[in-house]
Amino acid sequence: MITTVPPRPVYAPESVLDWSEPVVPGELVLDETIGARESWAAVVASGDVLTLVDVGGNQSGDCLIFSADDTSERYSVPDTLAWQGNAYVVEGTVLRSNRGEPLMTVVGNEVDRQDTIGGACGKESNSLRYGHHTVYQHGCRENFLYEGAKHGLTARDLVSNLNWFMNVPVEQDGALGIVDGISAPGRRVAVRAEKDVLVVISNCPQMNNPCNDFNCTPLRVMVTRA
Ligand SMILES: [Zn+2]
């Protein structure tokens, strides 16, 4: 059987990192790069603002949010979407927990809409969707497990997630598409913590569909304090 080898990822030049600023100015308490295909997590204190930069453009940042004090309270897609009555995450969206409580609020957004329906990739779903030759590729699920383990999280804690900078349009007939992104190099989203939260991000390693433009690139994360 002939198998296809996925193209080698192309990384954005480091110089692209130089010109992005936090959406909400303040004391910079964190400024880190999440390398292509890698994972990241940190506690963001209540009131602090996390700015995520799509350094290379159309790079999906899969994201889970937990209450830092009690990780059984975590981001909930149905609570978030039902409360706002809209399928997209936009500026002003309150990201709610499974208890209906605000975890974070989107206070700045340079992409028309952000997805929270498309879910996360993983090596099992990759092999089902794209063939067994992809099973060696780690996905967001593996990134979440790896990063979450550092904070006491396990597979039981992996719930439906946010996909910053990923384009999943809901068509007129209700169909979901995973199509070319509408983000671009340097586009940003900013979320303010409404309580102390643990934010876990998988810089999506997917190379079998257009969610990352077939080109995995770094993300930059900055946290500012008023
Ligand atoms: Zn992914």
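These numbers come from a predicted model, not from an experiment. Counting starts at 1 for both ligands and their atoms, in listed order.
Taking the side chain to side chain donor-acceptor pair (under 3.5 Å) definition, one finds that Glu110 meets it with Arg188, sequence neighbours left out.
Protein-derived N/O/S atoms nearer than 2.8 Å to the Zn ion (ligand 1) total 3, waters excluded.
Between the Asn163 side chain and the Gly119 main chain, a donor and an acceptor come within less than 3.5 Å of each other. Using a distance-only test at 3.5 Å, with no hydrogens or angles considered, a donor-acceptor pair links the side chain of Tyr88 to the main chain of Val170.
In the model, Asn208 has no side-chain atom that pairs as donor or acceptor with a side-chain atom of Thr134 under 3.5 Å. Side-chain contact annotation: Ser202 with Glu147, donor-acceptor N/O pair under 3.5 Å absent. Counted by atom type alone, Arg99 and Ser72 present one or more donor-acceptor pairs between their side chains at under 3.5 Å.
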